[in-house]
There are 2 protein chains.
Amino acid sequence: MYVNMPRPTKQSPERGDARTRLLEAARDVIRRKGFAATSVDDICQSAGVTKGAFFHHFKTKEALGVAAAKYWAETTGTLFASAPYHAPDDPLDRVLAYLDFRKAIIGGETYEYTCLVGTMTQEVHDTAPAIRDACADSILGHAATLEADIEAARAQRGVDANWTAASLARHTQAVLQGGFILAKATGDADMAREGVDHLIRYVRALFCLDDESAISTTREN
Amino acid sequence: MYVNMPRPTKQSPERGDARTRLLEAARDVIRRKGFAATSVDDICQSAGVTKGAFFHHFKTKEALGVAAAKYWAETTGTLFASAPYHAPDDPLDRVLAYLDFRKAIIGGETYEYTCLVGTMTQEVHDTAPAIRDACADSILGHAATLEADIEAARAQRGVDANWTAASLARHTQAVLQGGFILAKATGDADMAREGVDHLIRYVRALFCLDDESAISTTREN
DNA sequence: TGACATACATACAATACGGTCGGTATCTTG
DNA sequence: CAAGATACCGACCGTATTGTATGTATGTCA
């Protein structure tokens, strides 16, 4: 298959069609089976290319892992940058809208909503530093995009906190990652959504919004 | 090595010395390298036994994974059952003492404090249902040991909650699992402890203990 | 159009891996 | 002590896996 597919014109030398297909295949297959259990052949077959193409674009399997983590950071970065949760004027509303958005995009098959870099981190943190660092950049880089809104909300509301915006931002990612593990363990996406609900309740409590009934009744997706 | 070690008397047929050594080796090696990247030879070498012993005690590598998850559930079960956090008379104090305990035992090398079954779940959830189910039993079984105290605290304090004790108990595990991922990504155990601090603050808020300064200043380990 | 770089495909090499098998030592039981 | 069961050893087998070497088609550019 794919034998006589028209090859796209290569204007950008570093972004061939096969390369992107390999990265997207890696993203999905690794989220299903994990990094180590995913063979190069698996990825090639899923991408519809041969091993020659794979090793033309990536020097080693580990190099693919690094590239996949960076690709993940890029694509999710643009997804979240263009998401609607930045609209509210109130910074706290933006933070809560972010959490609603995160909850809303949880659904479908496990491999569709879980986090590639969280999965890879667990596996390679002690054996493949290059992949681990790329994963850490992705997770912490995304967390950093929340800091400004959190800090602005804290300043605006005059909350005298003994936590930092950076720490709370990281905590949101930890809750999501932990929720994904419970969802994988049970096969139930609600396990991940449940954690976001607790997180929303926590953030509201931190900012002294005591209306608990607003959660999981008014917000639907 | 280990060639002339005295073999223990086999009173319990199902608990030979090699079997236990294999399970403990698997526990530590898998926490370092992950399940798929850990070879049977790796485990045998770490345990100081041969492959013959391995396949005598475990039919397949997957069977070892299931046994390792059950062994993890057993050993951590007795650890937590005999831990001092059950002492307080007040159920909420027991819950908070549990969280302090969880925070206190985070430290040392990553493979020493992270969760075996959380790690394995991420990898095999879609490919090895038997392992996944054993991991789910371990995580949810441990969460269930918290439910009674949480529910007792809720009833005693008259908290009109729109969350369930089971859900909050699961959330504690999700926060821990997520913290482990951040700790692995950064190599910093504080990332995991930080999440527990947020969780403690959340639980205190749920039960209307508004003294935030108590955290991370009065509690040391 | 010719020369070259890029983008693949295919076959193959080296080895790592899970699992098997025959054998031996030790324990249990009568 | 006899005899079977259990525990363990270590060589071996077939396959899967990563990576390489070579060939070929296509685009680029002077």
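The chains referred to below are lettered A, B, ... by the order of the sequence lines, with proteins before strands, and numbering in each begins at 1.
The pair B:Arg193-B:Asp197 fails the salt-bridge criterion, with no side-chain N (NZ, NE, NH1 or NH2) lying under 4.0 Å from an Asp/Glu carboxylate O. Note on B:Arg21 versus B:Glu24: no salt bridge recorded, every NZ/NE/NH1/NH2 to OD/OE distance being 4.0 Å or above. Between A:Asp126 and B:Lys33 there is no salt bridge, since none of the side-chain N atoms of the basic residue sits less than 4.0 Å from a carboxylate O of the acidic one.
The cationic atom of A:Arg31 (NZ for Lys, CZ for Arg) does not lie both less than 6.0 Å from the six-membered ring centre of A:Tyr111 and within 45° of the ring axis. The side-chain tip of A:Lys61 does not point at the ring of A:Phe55 from less than 6.0 angstrom away and within 45° of straight on.
Rounded to an integer number of Å, the gap from CG of B:Leu22 to C1' of C:dG19 is 15 Å. For the pair B:Lys61 NZ and D:dT15 P, the computed distance is 20 Å after rounding to whole Å. For A:Asp41 and C:dT10, the CG to P distance is 13 Å, given to the nearest whole Å. Going from atom CZ of A:Phe58 over to atom C1' of C:dA7 covers 13 Å, rounded to whole Å. Across the protein-nucleic acid pair, A:Phe55 atom CZ and C:dT10 atom C1' stand 14 Å apart, rounded to whole Å. B:Ile43 places its CD1 atom 12 Å from the C1' atom of C:dC17, with the value rounded to the nearest Å. We find that CD of B:Gln45 is positioned 13 Å from P of D:dG10, with the value rounded to whole Å. Taking atom CZ of residue B:Phe54 and atom P of nucleotide D:dC12, one finds them 22 Å apart after rounding to whole Å.
Checking D:dC9, D:dA7, D:dC12 against the side-chain heavy atoms of B:Lys51 singles out D:dC12 as nearest. Taking only side-chain atoms of A:Ser39, from C-beta outward, the nucleotide of C:dA9, D:dT18, D:dC8 with the closest atom is D:dT18.
At the heavy-atom level, B:Thr50 lies under 4.0 Å from base atoms of the strands shown.
Annotation: A:Phe35 is not in aromatic contact with A:His125 [ring centroid separation under 6.0 Å not met].
One finds no side-chain N or O of B:His56 lying less than 4.0 angstrom from the OP1 or OP2 phosphate oxygen of D:dC8.
A heavy atom closer than 4.0 Å to some atom of DNA chain D occurs in no member of residues 24-32 of chain B.
Within 6.0 Å of CD in A:Glu112 there are more than 12 heavy atoms belonging to other residues, nucleotides or ligands.
Take the nearest nucleotide of DNA chain D for A:Thr38 and for A:Gly52: the residue whose nucleotide is more 5' is A:Thr38.
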